Amino acid sequence: MEEKLKLYLRTMISNGGSDLHIKSGAITRVRLNGQLKLMGKEELSAENVDAIVKSITTTEQYQKLKIDKNLDFTYVLGEDHRFRVNIFYQMDGLSAVFRIIPVKILSIDELGLPEVVKTFTQAQRGLVLVTGVTGSGKSTTLAAMIDKINRETSKHIITIEDPIEFIHKDRGCLINQRAIGQDTHSFSDALRAALREDPDIILVGEMRDLETIDIALHAANTGHLVFSTLHTLDAKETIDRIVGMFAKEEQNRIRASLASVLEGIISQRLVPTKKGGRMAGVEILKKTARIEQLIMENRDYEIPDALFEGKEIYGTQTFDQHLLDLIKADKITEEVALEYASNPSDLKLKMQGVGRGSIVRDFSYETGMVVAQRSHGGKALRNRE
């Protein structure tokens with residue numbers, strides 16, 4: 001049955017697909033440009049899928065699957081193709097998802113990411129997060145940043161992943177890559193050990209639990225540069241999620257720590273392009289005195305405004321600002337932009353030429369309040385926050 005699987009995978013590769021879905025009692029499907037498509041007409045029985053799984057797992061892995069009811073590992077097809085695999089039980093039997101891992105690590109420029117992303121690779125310490133839903137390209141962005149550091153500096157990098165996706169060869173840097181389950185028991189165990197392994201940079205594949213987040217913040221506080229991911233939609237939600245993981249009495253401490261160490265957040269959504277592929281729409285948060293203050297003072301609701309206003313000076317941007325830039329660059333349609341926008345109605349106004357004025361903020365010493373003056377088409381609107 002492994003030969004049947006290889007045929008499916010090669011067909012997916014030749015058609016530019018990203019994920020192969022195999023399900024007991026169903027026709028195999030492939031994800032092309034974000035959409036699931038049927039692959040042939042044959043339904044695989046539960047016995048067929050079980051045979052495929054047995055053919056690509058060791059006895060120990062198969063037993064672990066039966067106990068845990070799901071299994072993660074990497075599958076290699078020849079010398080040029082690797083896949084991140086998740087096998088799991090569902091009501092009709094086993095299912096499996098194979099996500100292709102590109103062998104070639106694309107650069108930040110090749111991915112079309114904003115120039116400000118390069119500045120995060122130059123940080124000496126702190127925390128840089130890449131966020132987004134599953135399949136939004138977080139691992140690809142992280143790999144591009146690690147590759148840039150690897151080519152331009154001489155540092156010790158430790159990666160902790162589940163499983164290892166992109167393979168980094170030692171260039172300027174010494175890189176130790178550890179897989180959960182194979183090389184270490186958990187993210188928190190590996191991260192705790194990493195602090196004793198003389199790293200300059202630590203990449204944590206995902207900050208899944210409170211303990212891992214706490215150790216990552218400690219690592220960033222003690223002079224290391226830490227990269228990681230979270231399954232959050234934007235910068236504001238990312239900060240809320242991290243702080244909210246901790247007990248109420250701990251949250252002020254965590255806010256102070258996060259405000260101090262957070263260097264940046266890159267939040268991604270893959271959007272369909274006019275040429276038929278997909279590219280990342282990104283929101284960028286970069287550490288500034290104002291961002292640090294907003295996090296410290298629990299004013300996360302003001303972060304989107306701060307990102308909007310910092311575009312020209314700091315390179316920060318909201319999702320909707322980037323979507324508007326992609327429309328102007330003729331890379332995406334207006335319909336796609338509205339579908340993926342954080343605030344479709346506001347973006348629609350901007351597309352129509354309304355709401356393009358700059359925002360100037362002043363602090364009123366008389367009232368002790370921030371006063372925002374927003375100019376729309378020559379009319380000044382003044383409101384207090």
Side-chain angles (χ1 to χ4, degrees), residues 1-32 34-104 133-135 138-140 143 159-168 177-190 205-206 208-209 229 231:
M1 294 302 292
E2 188 174 2
E3 289 305 314
K4 181 182 286 290
L5 170 65
K6 289 179 179 179
L7 178 61
Y8 284 142
L9 292 173
R10 289 191 179 104
T11 302
M12 177 181 75
I13 292 166
S14 64
N15 284 278
S18 61
D19 300 81
L20 181 74
H21 290 255
I22 293 175
K23 177 188 174 185
S24 299
I27 299 172
T28 299
R29 286 168 167 80
V30 63
R31 189 174 294 279
L32 296 172
Q35 303 296 317
L36 281 181
K37 307 288 184 182
L38 291 172
M39 184 178 281
K41 298 179 180 179
E42 179 187 5
E43 290 187 2
L44 294 177
S45 67
E47 292 75 20
N48 291 151
V49 177
D50 189 63
I52 289 174
V53 170
K54 283 183 176 178
S55 72
I56 62 172
T57 56
T58 64
T59 302
E60 291 78 10
Q61 286 175 322
Y62 189 74
Q63 290 303 315
K64 188 176 188 299
L65 170 63
K66 293 180 71 173
I67 294 170
D68 296 344
K69 303 304 180 184
N70 61 81
L71 179 70
D72 288 306
F73 63 99
T74 302
Y75 180 73
V76 179
L77 180 63
E79 296 182 358
D80 299 326
H81 302 291
R82 301 174 69 250
F83 302 86
R84 185 176 68 197
V85 186
N86 179 268
I87 303 172
F88 57 96
Y89 280 93
Q90 41 84 19
M91 61 184 295
D92 297 317
L94 286 168
S95 283
V97 181
F98 294 75
R99 168 160 293 172
I100 191 166
I101 303 170
V103 174
K104 183 180 185 294
V133 299
T134 300
K138 299 186 294 296
S139 297
T140 304
T159 78
I160 307 162
E161 303 169 74
D162 183 21
I164 292 171
E165 297 192 25
F166 293 89
I167 304 296
H168 295 273
Q177 295 186 257
R178 306 188 70 192
I180 303 299
Q182 176 181 309
D183 306 312
T184 182
H185 294 298
S186 68
F187 281 112
S188 56
D189 282 352
E206 185 182 346
R208 292 180 179 174
D209 53 55
T229 72
H231 291 282

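What you see below is based on every heavy atom in this structure, not just the backbone, and it leaves out hydrogens, waters and symmetry mates. All values reported here derive from a predicted model rather than from experimental measurement. This chain uses plain numbering: 1 for the first residue, then up along the sequence.
Residues Met39 and Val30 come closest through the heavy atom pair CE-CB, 3.7 Å. Residues Ser139 and Arg84 share a closest heavy-atom pair of OG-NH1, 4.2 Å. Nearest approach of His21 to Asp19, heavy atoms of both residues: NE2-CB, 4.0 Å. The shortest heavy-atom contact between Val133 and Lys138 is O-NZ, 3.0 Å. Nearest heavy atoms, Leu32 versus Lys37: CD1-CG, 4.0 Å. Listed here is the closest heavy atom pair of Ile56 and Gln61: O-OE1, 4.2 Å.
Rounding to the nearest 0.5 angstrom, the gap separating the CD1 atom in Ile164 from the CG atom in Asp183 is 6.0 Å. Considering OG of Ser18 and CD1 of Ile100, their distance stands at 8.5 Å, rounded to 0.5 Å. Rounding to the nearest 0.5 Å gives a distance of 10.0 Å between CG of Leu94 and NZ of Lys66. Here Thr134 contributes atom OG1 and Arg99 contributes atom CZ; the two are 7.0 Å apart, rounded to the nearest 0.5 Å. Atom CD of Glu2 sits about 12.5 Å away from atom CG of Leu7, to the nearest 0.5 Å. Interatomic distance, Lys23 NZ to Arg29 CZ, rounded to the nearest 0.5 Å: 8.0 Å.
Residues Tyr8 and Leu44 form a side-chain contact, since some pair of their non-hydrogen atoms from C-beta on lies under 4.5 Å apart. Side chains of Leu71 and Lys64 form a contact here, defined as non-hydrogen atoms less than 4.5 Å apart. Annotation: side chain of Ser188 is not in contact with side chain of Arg208 (no heavy-atom distance under 4.5 Å). Using a 4.5 Å cut-off on side-chain heavy atoms (C-beta onward), Tyr89 and Leu65 make contact. Residues Tyr75 and Leu9 are in side-chain contact: their nearest non-hydrogen atoms beyond the backbone lie under 4.5 Å apart. Side-chain contact check for Phe98 versus Ile22: some heavy-atom pair is nearer than 4.5 Å. Between Thr57 and Ile87 the shortest side-chain heavy-atom distance falls below 4.5 Å.
Of the possible polar contacts, none joining the Ser95 side chain to the Phe88 backbone as a donor-acceptor pair under 3.5 Å is found. The main-chain N or O of Ile101 is never found under 3.5 Å from a side-chain atom of Arg82 such that the two would form a donor-acceptor pair. A distance-only check finds no donor-acceptor pair linking the side chain of Asp50 to the backbone of Glu47 [under 3.5 Å].
Partner of Gln177 under the side-chain hydrogen bond (donor to acceptor under 3.5 Å, both in side chains) criterion, out of His168, Glu161, Glu165: Glu161 alone. Of the residues listed (Leu20, Leu5, Val49), the one engaging Thr28 in a side chain to side chain contact (heavy atoms under 4.5 Å, CB included) is Leu20, and it is the only one.
No more than 12 heavy atoms of other residues, nucleotides or ligands lie within 6.0 Å of NZ in Lys41, so this atom counts as exposed by the packing criterion.
Salt-bridge formation is detected for the pair Lys4/Glu42: a Lys NZ or Arg NE/NH1/NH2 atom is positioned less than 4.0 Å from an Asp or Glu carboxylate oxygen.
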